[in-house]
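Residue numbers start at 1 and run along the sequence shown.
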Amino acid sequence: MQPDTLLHIANFSTLFMCMVLKFPQIFVLMRAKSASGVSLKSLLLELIGFIVFVTYQMYYDYPPPTYLEYPILIAQDAILLLLILHYNGSLRMGLLYAFLFVGGWRLLTLKKWIIDLAMSLCTFISAASKFAQLQCLWSSKDAAQVSTSTWAMATYTCFARIYTTMATTGDTQVLVRFGVMTLLNLWVLLTVIYYQRASRSKKKD
């Protein structure tokens, strides 16, 4: 297979998956009418990481196909955030979060050193979001409302982005971020599967 063909497949498969990545999680929450096991802190940190990452890519005029999915993911995360706030009884906080995210995004573009610094912290922010979700699972031992499909697709898209980054920009910071995110997404996925299987075994007993 030609490298260009493989690159197009990786780009478009990632974009397609990201168009629906959060839908399984959204549907699970709507069906259960509960956000148990889904970490609000994790989602907020993930949104910060997404905003920093896409702003960095746009600031340096990187090829749009390498980051086109992030505006879609941000929109889906915003819906997910509203659902979690609604089921937690704190929907009014949505306006405050919207103000902070928009203000933060504007701040990132003021100076080059600001976006560079933010990007250098982006991997740590995104990693912290995964650890927050893991901590939520470990403490609740409840993964009934956590979608394995969403985490499986997240693992694939980060893995695919390692290849697309190597084939296009070769940006070391971006490569490190995707490598770390692939491993952590896989860790969350395996943890969700473990607790869901444990829960089914208890019900059978």
Side-chain angles (χ1 to χ4, degrees), residues 6 9-50 52-53 67 69-70 72-74 76-81 83-84 87-88 121-166 173-205:
L6 188 58
I9 291 173
N11 276 328
F12 285 109
S13 64
T14 298
L15 180 58
F16 174 75
M17 282 198 177
C18 287
M19 288 175 68
V20 298
L21 193 148
K22 299 289 182 174
F23 283 9
Q25 184 62 76
I26 290 169
F27 294 149
V28 168
L29 291 186
M30 291 176 67
R31 185 167 58 249
K33 299 188 186 311
S34 168
S36 174
V38 180
S39 170
L40 174 61
K41 186 190 298 182
S42 172
L43 184 62
L44 292 173
L45 288 168
E46 182 176 74
L47 267 168
I48 293 171
F50 284 169
V52 169
F53 185 75
Y67 64 85
E69 71 269 19
Y70 280 87
I72 300 170
L73 287 173
I74 290 169
Q76 292 178 58
D77 265 359
I79 296 171
L80 200 52
L81 174 61
L83 283 173
I84 293 174
Y87 293 129
N88 288 346
L121 298 173
C122 187
T123 299
F124 296 102
I125 295 169
S126 297
S129 78
K130 310 307 176 188
F131 280 114
Q133 180 58 57
L134 285 165
Q135 182 62 44
C136 183
L137 290 168
W138 293 333
S139 61
S140 69
K141 294 180 172 52
D142 179 13
Q145 273 67 258
V146 184
S147 169
T148 53
S149 298
T150 288
W151 286 101
M153 287 189 286
T155 302
Y156 168 79
T157 55
C158 283
F159 183 74
R161 280 304 178 211
I162 293 174
Y163 172 75
T164 61
T165 302
M166 290 175 64
Q173 284 194 90
V174 176
L175 280 171
V176 169
R177 180 184 183 277
F178 282 128
V180 171
M181 291 304 98
T182 299
L183 294 175
L184 291 178
N185 281 334
L186 181 60
W187 191 359
V188 175
L189 173 62
L190 295 175
T191 304
V192 171
I193 292 171
Y194 170 78
Y195 283 123
Q196 288 183 350
R197 286 182 175 176
S199 177
R200 284 195 291 268
S201 296
K202 287 181 180 178
K203 288 179 180 178
K204 288 180 180 178
D205 295 339

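Just one residue in the list Leu83, Asp77, Leu43, Leu80 forms a side-chain contact (heavy atoms from CB on, under 4.5 Å) with Gln25, and that residue is Leu80.
No side-chain donor-acceptor contact under 3.5 Å links Gln145 to the backbone of Val28. The backbone N or O of Ala154 sits less than 3.5 Å from a side-chain atom of Thr157, completing a donor-acceptor pair. Looking at Ser13, its side chain does come within 3.5 Å of a backbone N or O of Ala10 through a donor-acceptor pair. Side chain of Gln196 to backbone of Val146: a donor-acceptor contact under 3.5 angstrom is found. With hydrogens and angles ignored, the 3.5 Å screen pairs a side-chain donor or acceptor of Ser201 with a backbone N or O of Arg197. In terms of modelled atom types and a separation under 3.5 Å, the side chain of Thr155 and the main chain of Thr182 share no donor-acceptor contact.
Here the side chains of Thr164 and Thr14 are not in contact, with every heavy-atom distance at 4.5 Å or above. Within the 4.5 Å cutoff, the side chain of Val188 has no heavy atoms near those of the Leu184 side chain.
Note that CZ of Phe50 and CD of Gln76 are 9.5 Å apart. Values are rounded to the nearest 0.5 Å. Separation of atoms CD (Glu69) and SG (Cys18) is listed at 4.5 Å; rounding is to 0.5 Å.
In this structure, Ser42 and Lys130 approach most closely via the heavy-atom pair OG-N, 4.4 Å. When all heavy atoms are compared, the tightest approach of Ser126 to Arg177 is OG-NH2, 3.3 Å. Nearest heavy-atom pair across Gly49 and Cys122 is O-SG, 3.4 Å. The nearest pair of heavy atoms linking Ser34 to Leu29 is O-CD2, 3.1 Å. Closest heavy-atom contact between Glu46 and Ser129: N-CB, 3.5 Å.
Between Tyr70 and Phe178, the angle of the ring planes lies from 30° to 60°, which puts this pair in the tilted group.
Judged as a ring-ring contact (aromatic ring centres under 6.0 Å, His included), the pairs with a partner in residues 137-161 (not counting sequence neighbours) are, in order, Trp138-Trp187.
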Run Val20 and Met153 through side chain to side chain contact (heavy atoms under 4.5 Å, CB included) and show every step you take.
CA-CA 9 Å; Val20 298; Met153 287 189 286; 4.2 Å; yes
